[in-house]
Amino acid sequence: MSALSSHSTGISSNHLSEETPVSASVASRFDTIDLLRGLSILGVMLLHVRNWLSTGKVEPGGSLPPWLRYDLFNQGGNGVSAFFAISGFLITFISIRRFGALETLRVSTFYRIRFARIAPLLLLLLLILGVLHWTGSPAFHIKPEQGSLAGALFAALTFQLNWYEAVHGFLPPAWTVLWSLSVEEMFYLFFPVVCVALLRQRWSRPLFFLVLGGLIVFGPFARTPWYSPNDLWLYQSYLGNLDNIALGCLFGLLTAHLDRQGLFVRARWPLLCQILGAALILFIVNWIWPKTFLGWPMKRALGRSGTDVTILGLGVCLIMLGSVLRRKRGSRWTAPLRWLGRYSYEIYLSHVFVVIAVISLFLTVRRGPLIAWVMASVLLSAALGCLLSRFFSEPANRLLRGAPVPAQLPENR
């Protein structure tokens, strides 16, 4: 991921370049977006815990009701899809605040900021994975039928690891998380150029919205068997995942336009947007929602048509729009999840190492309550992500940008 993306798993609302004047509101955090990212990265971690437990034929949450077990351990894919929408929203909203407008975006500055944020931890991860491959570590060694170390490194560095896996099959888990980063960064290679080329002239502006709209419309089709017989490519393709990034970009534009005057802080409809967005997300992710409506297999039809992911992205975007316009701070009850969200990029890239170590130990000793091992995987992954952010990726980020950054405001991604 970015997305785990990230995931974000976009450009942050902080860590600003010194030469770029921005308004004070750019340097604030968006608590609700951090909450969304925290929930997303938690879903990714729990899915990978479940997957690694399955290698030892252990099913987590076996005593839980089926709906709760599904909601806890089957949301990793939805988390990555949410990261894509969040990333598109932030990249657009913050770029407008940083550069004044997308048409005045400075391409070289955009790339420099993006490189400073993404590259240090990515390069460190690839170095570690290369060493583990050469040592023959079973969980990290790339088998000949999976490809080669040189091929995987080249694919990761050129943002085509998703395509590489579609051709060769899944790489070891710590490599596979990079597929979403390939999708996201390929989008951002073209995003600033398209903004400058199409938005500076009045006659070409409709083409910008046509491009984003086309990605949104084509996205669901690219997730169906009619697009490709390759199941792995259907899940990890560019076109099958760029629609939520494009949707986030459009909502970022709309939010920036509405937020300029601050007229909607006390309005009621932004709250209604958040409620509608939450309902859409719950409809997609929750196992207990009715699967038929008037005899029509609704959820199955949405899944087979690929539109379920788009609906999820729409829900995420509605929540972000409403929360930014309302400018509400998060409550203390959501603080742990918001903390996770702040370090979602670092957690996303590094958590597989912790999950493999902790769950492999459990499968060896088979002692203690399973829930304790699951919680240990999550908490240690979060701690590792926080340490990586504070002592590696953020210092490297500041160094590469050449600008001091408040330590208390970790990067939005």
Side-chain angles (χ1 to χ4, degrees), residues 1 3-4 38 40-66 68-77 79-80 121 124-149 152-153 156 161 165 168-180 232 336 340 343-389 391-392:
M1 153 218 165
L4 139 119
S40 298
I41 193 62
L42 180 62
V44 170
M45 286 190 287
L46 290 176
L47 174 65
H48 290 159
V49 166
R50 191 205 71 178
N51 289 347
W52 202 251
L53 282 169
S54 69
T55 64
K57 298 182 179 180
V58 175
E59 180 67 29
S63 60
L64 298 175
L68 182 56
R69 185 167 64 246
Y70 175 87
D71 288 351
L72 286 175
F73 295 101
N74 289 75
Q75 302 304 324
V80 172
L121 188 57
L124 176 63
L125 173 67
L126 294 178
L127 175 63
I128 294 172
L129 289 175
V131 171
L132 290 173
H133 168 82
W134 281 111
T135 60
S137 178
F140 302 96
H141 182 75
I142 300 174
K143 300 176 182 177
E145 61 270 21
Q146 295 175 314
S148 66
L149 176 61
L153 287 172
L161 190 126
E165 286 199 324
H168 297 279
F170 281 118
L171 292 167
W175 286 90
T176 294
V177 297
L178 295 175
W179 78 265
S180 62
L232 203 160
L340 276 181
Y343 303 109
S344 57
Y345 175 56
E346 288 80 8
I347 295 172
Y348 183 77
L349 288 192
S350 64
H351 75 278
V352 174
F353 295 96
V354 175
V355 169
I356 290 175
V358 173
I359 299 305
S360 295
L361 179 60
F362 166 77
L363 294 175
T364 300
V365 301
R366 304 272 180 159
R367 293 181 180 177
L370 179 57
I371 184 62
W373 292 90
V374 172
M375 292 181 63
S377 298
V378 170
L379 295 176
L380 291 175
S381 295
L384 176 60
C386 176
L387 292 173
L388 284 171
S389 175
F391 298 107
F392 179 75

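Because the structure is predicted, anything quoted here is derived from the model rather than measured. Both backbone and side-chain heavy atoms feed into the values below; hydrogens, waters and symmetry mates do not. Start at 1 with the first residue, then count along the sequence.
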(request) Give a yes or no on whether the backbone of Gly385 and the side-chain of Ser389 come within a donor-acceptor separation of less than 3.5 Å. (result) no
(request) Give a yes or no answer on whether the side chain of His133 reaches the backbone of His141 with a donor-acceptor pair at less than 3.5 Å. (result) no
(request) Specify the closest pair of heavy atoms between Gly147 and His168, including all atoms of both residues, with the distance to one decimal. (result) CA-ND1, 4.1 Å
(request) Any chance you could measure Leu387, atom CG, to Glu346, atom CD, to the nearest 0.5 Å? (result) 10.5 Å
(request) Of all the heavy-atom pairs spanning Ala174 and Leu125, show the shortest one and how long it is. (result) O-CD2, 4.5 Å
(message) Counting neighbours of CZ on Arg366 that are heavy atoms of other residues, nucleotides or ligands and sit closer than 6.0 Å, is the number greater than 12?
(response) yes
(message) With rounding to the nearest 0.5 angstrom, report the CG to CG distance, Leu132 to Leu127.
(response) 9.5 Å
(request) For Thr176 and Leu171, indicate whether the former's side chain and the latter's backbone hold a donor-acceptor pair under 3.5 Å. (result) yes
(request) Take Leu153 and Leu129, measure what side-chain contact (heavy atoms from CB on, under 4.5 Å) needs, and give me the verdict at the end. (result) CA-CA 9 Å; Leu153 287 172; Leu129 289 175; over 6 Å; no
(message) Please check this pair: side chain of Trp52 against backbone of Ala357, looking for a donor-acceptor N/O pair closer than 3.5 Å.
(response) no
(request) Let me see the working for Trp179 and Val80 under side-chain contact (heavy atoms from CB on, under 4.5 Å), right down to the final yes or no. (result) CA-CA 10 Å; Trp179 78 265; Val80 172; 3.8 Å; yes
(message) I'd like to check Pro60 versus Leu370 (side-chain heavy atoms, cut-off strictly below 4.5 Å). Are they in contact?
(response) yes
(message) On a heavy-atom basis, which atom in Ala382 and which in Leu340 lie closest, and how many Å separate them?
(response) CB-CD2, 3.5 Å
(request) Quick one: pull up CZ in Arg367 and CG in Leu361 and give me the separation to the nearest 0.5 Å. (result) 10.5 Å
(request) Not counting sequence neighbours, which residues clear side-chain hydrogen bond (donor to acceptor under 3.5 Å, both in side chains) with Ser137? List them please. (result) none
(message) Is it the case that the side chains of Ser54 and Glu59 hold a donor-acceptor pair, with the cut-off being a distance below 3.5 Å and no angle test?
(response) no
(request) Mind listing the closest non-hydrogen atom pair of Ser377 and Ile359 along with its distance? (result) OG-CD1, 3.5 Å
(request) Evaluate the criterion side-chain contact (heavy atoms from CB on, under 4.5 Å) for residue pair Leu64 and Tyr70; output intermediate values, then yes/no. (result) CA-CA 9 Å; Leu64 298 175; Tyr70 175 87; over 6 Å; no
(message) Show, in sequence, the C-alpha distance, side-chain angles and deciding distance for Leu47 and Phe73, and conclude whether the side-chain contact (heavy atoms from CB on, under 4.5 Å) test is met.
(response) CA-CA 5 Å; Leu47 174 65; Phe73 295 101; over 6 Å; no
(request) Report the distance from atom CG of Leu46 to atom CG of Leu42, rounding to the nearest 0.5 Å. (result) 4.5 Å
(message) Looking at every non-hydrogen atom in both residues, tell me the closest pair between Val355 and Ser381 and how far apart they are.
(response) CG2-OG, 4.2 Å
(request) Hey, could you give me the CD1/CD1 distance between Ile347 and Ile41, rounded to the nearest 0.5 Å? (result) 6.0 Å
(request) Ignoring hydrogens and angles, tell me if any N or O in the side chain of Gln75 forms a donor-acceptor pair with the backbone of Ser40 under 3.5 Å. (result) no
(request) Check for a donor-acceptor pair, side chain of His351 on one end and backbone N or O of Met45 on the other, with a separation under 3.5 Å. (result) no
(request) Could you grab the distance from atom CZ of Arg50 to atom OG1 of Thr55, nearest 0.5 Å is fine? (result) 12.0 Å
(message) Could you report the tightest heavy-atom contact between Phe140 and Trp175, atom names first, then the distance?
(response) O-NE1, 4.0 Å
